2 protein chains.
Amino acid sequence: MAKHRITITDIAKEMGVTPSTVSRALAGNERVSLKTRERVIAVAKDMGYQPNVLASSLRSGRSDTIGMIVPRINRHFFSNVISGVEAILNPAGFNLLICQSHERVEDERKAIHSLLSNRVGGIIISHSVETKSFNHYNEVLAEDIPLVQFDRVTDEIGGPRIVNDNFLGGMRSTRHLIKNGCKRIAHFAGSLHVNVYKERFDGYKYALEKAGIVFDSSLVVDNCILQDSGSQAVEILLRSEKIDGVFAASDFSALGAIKKLKEMKVVIPGEVKVTGFANEPFSDLVDPALSSVEQNAFEMGTQIARLIMENIGKESIPDEEIHVPVRLIVRESSLSGNSEIRIKKDF
Amino acid sequence: MAKHRITITDIAKEMGVTPSTVSRALAGNERVSLKTRERVIAVAKDMGYQPNVLASSLRSGRSDTIGMIVPRINRHFFSNVISGVEAILNPAGFNLLICQSHERVEDERKAIHSLLSNRVGGIIISHSVETKSFNHYNEVLAEDIPLVQFDRVTDEIGGPRIVNDNFLGGMRSTRHLIKNGCKRIAHFAGSLHVNVYKERFDGYKYALEKAGIVFDSSLVVDNCILQDSGSQAVEILLRSEKIDGVFAASDFSALGAIKKLKEMKVVIPGEVKVTGFANEPFSDLVDPALSSVEQNAFEMGTQIARLIMENIGKESIPDEEIHVPVRLIVRESSLSGNSEIRIKKDF
DNA sequence: GTTATCCGTGCAAACGTTTGTATTTTTGCC
DNA sequence: GGCAAAAATACAAACGTTTGCACGGATAAC
C-alpha cells in the first residue's frame, strides 16, 4: 500500500519549512531553534519517519556500518567476540555487517570487496587459516578506513591487532602439566604460520626449557586441531613414543585424544594428562572434564569495538598489538591427585 | 592517500563516454554494444572500480542486503541456519545483515528499525522468547518488503513461515520413550506461548494418548529449557513423583537433568531415560550420550534464503507454513537394552 | 534519394540526504 | 524608529547511481 516512505522533504512540506531545516533539526543542530527542533521531531515521529541511511551515508561520506569478517560464526570463540563487538557498537548507533570466510582466502577476498562496496566505516577481521598473503588488503588501506585485526593477525598489515596472550596460555598449560608430573608432553599444534598456533607452540617450548626438559620435535604434531586428527595423532604417537601428557592447541583435538585414549584403555589423567585450548562449552562435559585455556572472547569484542570507533575518521591508525589475558582452567583431565594445592598457583 | 574512490563518472571520462553508458555496460545491458561493454569492464577493472551500492540502491530503490534477526548467534541452531542462508544468498549477490535480539523484545524492535533504515530488501526473523505482540512488524508489512519467519513464528503476521516439525519431534521422542518401557514420562517444556515449545508439548501429549497413557499435568514443568532449571526440575519431581522418563524440549535442560540424576545416583537409562531436543554438539559427549531431535538447521537456512529471494519485488506474499523434517537420534540415555531393534523404526 | 527502422549513445532528472552560503527574520541598542 | 548584529531559516549543489527519453548515424526498404 503505502509504497511511499516518509522523507525529510515530506516532513518539511507538512511543516512549511525546508528539508535542510528538518535535516539539521533531526541532527540536533544548534543552528535551528529549539522550538523548531522539537516540532520537527514530533512531526517526524508522528508521520512515522525512518531515516534513509543510504542517502545519508552517500551524501555525508560517512557510514555507521562496520564490517566484520570471521572464519565461521558457529564457533564459540567467534560468536562471543561478535556479541562483545555488538554490545558496544549497537548502543553507539553502529551496525555490524558480518561475513564468514569459511576459512577460505577466496571468500575472504570477496567479503572485503563486498564490505568496501557497502562503504563500511571500518573493517574488523580475523584471517582465514588459508590466508598467507595479504595484498587483498591494500584496497582497504588505500581507502584509509580503519582496519582492526583480531585473534588471527599478521604484522604485514598496519594498524591495531588485538590478540589473546597465546604464548602465556601455552606456557601456563605446559607448566601446569609439568608441575603435575608430566615428563614427556606432546603438543598438538595448528598451522604454524598462523600466529595463534605459533605462539601457543612457543609457549610450550618455553615452559619445557624453563623446566629443563629437552624439546623433542617428534612429540609435536602439526596441523592437529580437529577431533579426528587428535584421535589419530594420539594413536600414532603412542605406538612409537612414551608420552604422559598432551597439550593440544585446540579443545577439539584434545577431545579426540581423550576419546581415543579411553578407547585404548589408557587412564586419564593417571597415565596421560590432557589440556586443550579455547574452553569450548563441551570441555566441562566430557569425561574426564577437560582442562583448557579460557579466552575472554566477549571482552575482546568490546575492546575491538572501542578501538574501531576511536579510529574512524582518523588519518593514520597506530600500529599496536594489544594482548588480552587468558586463564587456565584446571579440570580433571590434567590433575594428579597429589598436587592440587600447588596448581592453584597457575590461575 | 587516494581518498577519491573511482566512480562510473571517472571511468566515463577516461573512456570518453557518458556515465549512463558505463552504468549500462557494467549492468550487462544489451543496449550498449558488446565492444563497449567489454572495454568498460576492462577499464573498470583496471582503474580498481568498486561500485557504490549505497548510491545504487538509493537510486534504484532496490537493495541487495537482507536483514536477519535471531535471538542469539552463539546458539548452534541459529548459527547453522545463518550459514545455510548465506550459502544461498551470497553467491546470488546478496549480503546478510545479522542482528541479535538477545531474547529481548525491545532489541527486536530496535533491530527492525535499524534494518528498515538500512533499506534492506527483505527481513528474516525468529522471534525473541519475550515477543508476544507483533505490532512492531506493521511497518515492515506496510513497506511491503518480504518478511520470512522461521522457527519461532506466529500466524499473527502474514507471509511464509518455515519451521521444524516440532510436533513430530515431540511425538517421536515420547513414543520412543514409551516403546522403551517408560510409563511415567515427565516433560520439560519451554514457554508455551512460543510455537516451537507448544508443538513439542502437543506431540508429547499426542504420543501419550495414542499409547493409552493418561496425561498428567503434574509431570509437565513449564519454562524449563536451561541447564539449571533442568537440574532443579528433576530434583523436585523425584521428591513427589515416580518418573521413569524425561522428554526435555531442550538439550540444555536434559543435560541438567542428567547431571543431577547422576549426582542423585539414579541410573540412566536404567531407572530414568532422558531425551532432549536440538542435538546440540555436546549431546553425544555427555555420559550417557543424550538422545535428541536433530533439526536440519543448515537446510532450513537454504530454504529460507530461496523463499526470500523469490518474494523480493513481489506484490503480495503468500501465507504458508513450511515444515522441515526432523530426525530422532537415539543414544544411550534413552535405550533399554532389550529393545534396540524395535527402536530402529523410530528413525 | 527519400523515408522508415534500428542501434548505440547521450542528456538530464531523480533517489533522500547533507552542508556551505545566502537570505530573511528577529533582537537589541541608541 | 532606525540600524546593525545575531539568529533562524532557505537555497541549491552535491554524493554516485539508474533510467526514461531524445538524439544521431547507420542500415535497409522502396
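Just so we're on the same page: letters track the sequence lines, and every chain starts at 1. These figures come from a predicted structure and were not determined experimentally. Just the heavy atoms: all of them, side chains too, but no hydrogens, waters or symmetry mates, feed the values below.
- Using a 4.0 Å heavy-atom cutoff across all strands shown, B:Arg62 reaches sugar-phosphate atoms only and no base atom.
- Residue B:Ser33 is in sugar-phosphate contact alone, with no base atom involved, counting any heavy-atom pair closer than 4.0 Å across all strands shown.
- Residue contacts for B:Thr36: at a heavy-atom cut-off of 4.0 Å it reaches the sugar-phosphate backbone alone, with no base atom in range.
- When each of D:dT9, C:dT19, C:dA14 is scored by its nearest atom to the side-chain atoms of A:Val32, the top-ranked nucleotide is D:dT9.
- Residue contacts for A:Thr18: at a heavy-atom cut-off of 4.0 Å it reaches a base atom on one of the strands shown.
- A salt bridge is absent between A:Arg39 and A:Glu14: the closest approach of a Lys/Arg side-chain nitrogen to an acidic carboxylate oxygen does not fall below 4.0 angstrom.
- Side-chain atoms of A:Val120 and A:Thr65, non-hydrogen and from C-beta on, do get closer than 4.5 Å to each other.
- Taking the six-membered ring for Trp and the full ring otherwise, the centers of A:Phe150 and A:His127 sit at least 6.0 Å from each other.
- Side-chain proximity of B:Thr7 to D:dT17, C:dG8, C:dT17: nearest is D:dT17.
- Contact annotation for A:Val53: no contact, since no heavy-atom pair falls under 4.0 Å across all strands.
- Not one N or O on the side chain of A:Asn311 forms a donor-acceptor pair closer than 3.5 Å with the backbone of A:Ile308.
- Taking only side-chain atoms of B:Arg59, from C-beta outward, the nucleotide of D:dT19, C:dG16, C:dT18 with the closest atom is D:dT19.
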